[in-house]
Every structure is written in structure tokens, then in C-alpha cells.
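Shown next, in C-alpha cells, is the structure this report addresses.
Numbers restart at 1 for each chain; the letters A, B, ... are given by sequence-line order, proteins then strands. Bear in mind that the values here come from a model prediction, so they are computed numbers and not experimental data. Worth knowing before you read on, the calculation uses all heavy atoms, side chains too, and leaves out hydrogens, waters and symmetry mates.
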Amino acid sequence: MDMVKDVLLGLWEGSGFALVTYKEIIMLVVSFALLYLAIVKKFEPLLLVPIAFGMLLANLPGAGLMDDPSGIMDKTHLIEGAHWYDSGVLRLIYAGVKSSIFPCLIFLGIGAMTDFGPLLANPVSLLLGAAAQVGVYVAFLLAILLGFSPEEAASIGIIGGADGPTAIFLTGKLAPHLLAPIAVAAYSYMALIPLIQPPIMKLLTTEKERKVEMKQLRQVSKTEKIIFPVVVAVICAFIIPSCASLIGFLMLGNLFKECGVTERLSDTAQNALTNIVTIMLGVTVGATANGEAFLNKSTLLIIALGLTAFACSTAGGVLLGKVLYLVTGGKVNPLIGAAGVSAVPMAARVAQTEGRKYNPTNFLLMHAMGPNVAGVIGSAVAAGFLLMMFRGA
Amino acid sequence: MKMPITEALTIAVIGICVVMMILAIIAVLIILLSKVIRAIEKLIAKKTPAPAAPQPVPAAVVTDREVELIGTDEKTAAVIMAIVSKKSDIPLEKLSFKSIRLMDNDEKGGNK
């Protein structure tokens with residue numbers, strides 16, 4: 001009888017019910033809420049579903065999916081004689097985030113999916129993409145004022161770039177302990193762009209400006225499209241070497257798409273590779289959200305600063321759009337400036353939708369795609385600059 | 001380690017200027033490159049002799065071959081040809097009928 005009692009007691013003590021802490025319960029509830037937002041409300045489901053489920057897996061009591069006994073990532077809980085293969089499965093996959101392999105591969109896929117034609121047809125779009133990075137630096141300053149370290153502030157600021165892989169890339173390098181809240185904030189706000197941007201666009205523009213119809217873009221030749229990724233990769237890497245990995249992979253993917261002789265590689269980068277990496281990136285980023293790291297004041301501040309960064313980036317793009325409207329004598333619709341935040345193609349769609357509200361015959365989508373893809377380059381350059389400033393600081 | 005706000009402000013201002021500068025350089029390069037490429041493409045187009053004018057596509061030859069009518073009178077055949085022409089949006093003069101045959105009840109198929 002005692003043996004049965006011991007077995008049952010051992011079973012109970014080894015079970016999740018006995019091991020669970022209140023922080024794990026809260027994190028499980030948070031993961032359920034994110035799953036609800038992703039599945040029912042369709043908030044960036046391709047990313048939020050893996051992130052939320054990664055969060056769920058990492059907070060299962062006693063499962064140890066993010067354990068790191070050999071100190072591959074975290075040197076604080078070393079166990080004598082432990083090997084790398086004793087680590088939790090998610091911890092091992094997380095090496096792809098920590099080493100920047102996953103963000104770079106995602107950029108390869110983005111490059112293969114992106115048509116830089118509208119940008120090449122209207123190169124001024126690049127300035128709108130640059131102006132829409134202003135939120136990165138505003139949020140950086142505010143984070144410093146709120147007492148974050150420079151590395152943390154830089155990682156929080158990059159949320160304003162509205163680019164998930166870039167935010168993960170920079171945070172993984174500078175402030176890995178903030179990876180989960182920053183990734184969740186970045187992807188959540190990207191999903192909320194149709195709600196965040198329109199009031200700011202309306203506030204900063206007049207009805208006359210919103211009605212502006214832009215002339216049709218010129219045809220871009222195949223040669224221009226092939227030379228563009230090579231030139232951008234070289235220029236960016238020469239000026240800011242630390243952005244070479246992101247920009248390099250982005251442009252390699254685009255060259256696959258445009259050169260016309262690597263269709264199979266382009267297809268793999270766009271579909272299979274991106275899907276596989278998205279699963280691994282999402283699950284492991286979510287798995288970094290343990291109760292200790294997530295349930296604190298910093299997370300709330302990061303969420304607030306992220307929203308500020310998004311709003312300021314939108315405002316920066318729209319304000320430069322207004323300047324271009326004045327300089328060109330009313331040929332540029334300032335609404336396309338809001339698409340300079342790099343959430344492709346959602347931000348461009350918002351510019352299109354808002355433009356049509358005031359002029360139903362207006363078609364701004366292709367004009368907005370220029371600043372939109374310029375924002376991808378802009379946010380990668382901004383991340384490279386911050387990495388250059390604070391790596392090893 | 002905390003950072004003085006003046007230092008942070010300096011980094012922020014330099015940061016946005018660097019982003020602006022790099023993207024402006026790329027914009028200028030794009031403009032220059034597109035001009036050079038278009039000039040080269042024009043030059044090549046001038047050097048290459050203009051392709052010969054395409055030969056006019058011969059109109060569909062309407063054969064004067066008689067349509068073989070099996071178990072069908074000419075009036076019915078004319079109606080059938082007009083219907084086929086209308087349904088297929090092909091002018092009657094471009095259609096060529098070989099034969100029109102009345103089918104037996106056994107050949108019609110239907111519900112089996």
C-alpha cells in the first residue's frame with residue numbers, strides 16, 4: 001500500500017499541477033489571448049500563432065523545452081558535465097535567432113517576394129522610407145529618458161521600423177532578454193496598422209492634399225531591376241557594414257527574383273524556406289517569453305514605447321510627404337508617406353484605402369509601394385546604425 | 001549603464017541623418033543608373049536594324065469544299081452552322097464544316 005502511495009505521490013510531484021507557478025499560469029493565459037487574437041481576429045496569424053504557441057510550450061511546468069544546462073545561451077544556470085544536446089529542443093532551435101540566421105533568411109524570402117519596380121520608377125520614395133524611420137529614434141530617446149540602457153533603448157526603438165525580422169535581429173544582438181516583449185509588440189502593432197495610421201494621416205493632412213492624384217509610374221527595365229540589388233548591397237555595406245547581413249540577404253533574394261535565371265531558388269526562398277524559418281523563428285521567439293522576463297514593468301513600457309514609435313514613424317513619413325507636395329507643386333499625395341513604415345504591403349494598402357475615401361477614383365497603391373519597400377531598406381539601415389553604435393558598448 | 005540624454009540626442013540625430021543620407025545616395029544612383037541604362041538601350045535599338053514589317057496574317061481560307069450532309073437538309077445545316085458561329089464567336093467565313101450528320105437515337109447518349 002505504501003508503494004502505491006509513493007508512486008502516486010511521485011506522479012503528483014512530477015506533474016505540472018504541482019510544479020506550476022503563478023507566473024507560468026499568467027503566461028499561459030497570455031498565450032491563449034494571443035492565440036485568440038491571431039486565429040479569431042486574424043492579427044498577423046502567420047507569426048502570432050507560432051509566437052503564441054512557443055510561449056505556451058515554454059511555460060509548460062516541468063517540460064524544460066527552453067532549458068539550457070550546458071550554458072549554450074545562458075551561462076547563469078550551468079550544470080557540471082551537461083552537453084549541448086541536453087538542452088531543451090526550443091533552446092537548440094533558438095540558436096538560429098541568437099546567431100541571426102533566421103532573421104537573415106526571412107529577409108532573403110522578403111527580397112524574393114518584393115518588387116522594387118515602383119521604387120525604381122520613383123526614387124524620391126526612398127526619402128519617404130527614410131523619414132518614416134524617425135519613430136525609431138524618438139522611441140530610443142524616450143526609452144533612455146525612462147531609464148533603459150542604450151542597448152535596450154535601441155532595441156525598443158527599432159519597433160518603430162515596423163519590421164519584425166529587423167527588430168528580432170537587433171534585439172537578439174543587443175538585448176536578448178527583451179526579445180519576447182519586443183517581438184510581440186512589433187508584430188501586434190504591425191497587425192494594428194489599419195487602426196493606428198489613419199487618424200495620424202488625417203490629422204496631418206488637408207482634404208485637398210488627400211485628394212491628390214499622382215501620375216502613372218514609368219515602366220522600369222529588366223536591367224535596372226537586376227542592377228538595383230547589387231548596387232544597394234554594396235552601398236549600404238560600405239557605409240554601414242553592420243547592416244550587410246540584413247541588406248545583403250534582402251538583395252540576394254531580390255536578385256533571385258529579378259535575374260531570370262534562378263527561378264527555382266526564388267521560388268524556394270519565397271515559399272518553402274520562408275515558411276520553415278517563420279515557424280522556427282516564431283516558436284522560439286515566443287519561447288523566450290517566460291514569466292520572469294515578460295511579467296514586469298518593462299514589458300508595459302515597451303508596449304507603450306512601441307506604439308509611440310509607430311505613430312512617430314507614420315507622422316515622419318506623412319510630414320515629408322507634405323514637404324514633397326509643396327516642393328513638387330502638388331504632384332505628391334502626402335498619404336503615401338505613411339507607407340514608409342516598412343510593414344509590407346499593409347501600410348501601402350492603408351494609404352490606398354485612405355486616399356480612396358476622399359477621391360474614389362484615386363489609385364495610390366503602386367505609388368505607396370515605393371516608400372513601403374524603401375522602408376524595409378530604411379529600417380535595416382537604422383538597425384545597422386544602432387548595432388554599430390552599441391554592439392560591445 | 002545609463003546614457004546622458006544629450007549623448008542619446010546626438011546619436012538619434014546622427015542616426016536619422018545617416019539613414020536619410022544612405023537612402024538619398026541610393027535615390028541619386030537609381031536616377032543616374034536609369035538614365036545611363038535607358039541611353040544605352042536607345043543606342044542599341046538604333047544600331048539594331050528595325051525588324052521587317054510583319055507579314056500580314058493570311059485570312060482563314062474558306063474552302064469551297066461542299067459540306068457533306070448526312071440525313072440533314074440544307075436549311076437545317078445552315079441553321080446549325082449559324083448557331084455554331086454565334087455560340088463560338090467565330091465568324092462563319094472562318095469556320096470550316098466537314099460534315100453534318102443526323103444522329104440516331106442510340107448515338108445520342110443521354111441518361112444511362
**Request:** Go through the steps to decide whether A:F148 and A:S155 satisfy the test side-chain contact (heavy atoms from CB on, under 4.5 Å), and finish with yes or no.
**Result:** CA-CA 10 Å; A:F148 285 98; A:S155 304; over 6 Å; no
Under 4.5 Å from any heavy atom of chain A, what part of [X] do you find: side chain, backbone, both or neither?
| X | result |
| --- | --- |
| B:L9 | both |
| B:L33 | side chain |
| B:I16 | both |
| B:I26 | both |
| B:E41 | side chain |

**Proximity breakdown for A:V134 and chain B, heavy-atom pairs closer than 4.5 Å** = both
**Asked** A:A154 versus chain B, heavy atoms under 4.5 Å apart: side chain, backbone, both or neither?
**Response**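 It is neither, since no heavy atom gets under 4.5 Å.
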**Request:** Measure the acute angle between the ring planes of A:F140 and A:F390, then classify it against the limits of 30° and 60° as parallel, tilted or perpendicular.
**Result:**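 Plane angle between 30° and 60°, so tilted.
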**Request:** Compare every heavy atom of A:C236 with every heavy atom of A:C243, then report the nearest pair and how far apart it is.
**Result:**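 Minimum heavy-atom separation between A:C243 and A:C236: SG-O, 3.8 Å.
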**Asked** Which heavy atom in A:P241 sits nearest to a heavy atom in A:I239, and how many Å separate them?
**Response** CD-O, 3.6 Å
**Prompt:** Which distance, rounded to the nearest 0.5 Å, do you find between the CG of A:L320 and the CG of A:L128?
**Reply:** 5.0 Å
**Asked** Of the listed residues (B:I11, B:I40, B:V18), which shares the most heavy-atom pairs with chain A below a 4.5 Å separation?
**Response** B:I11
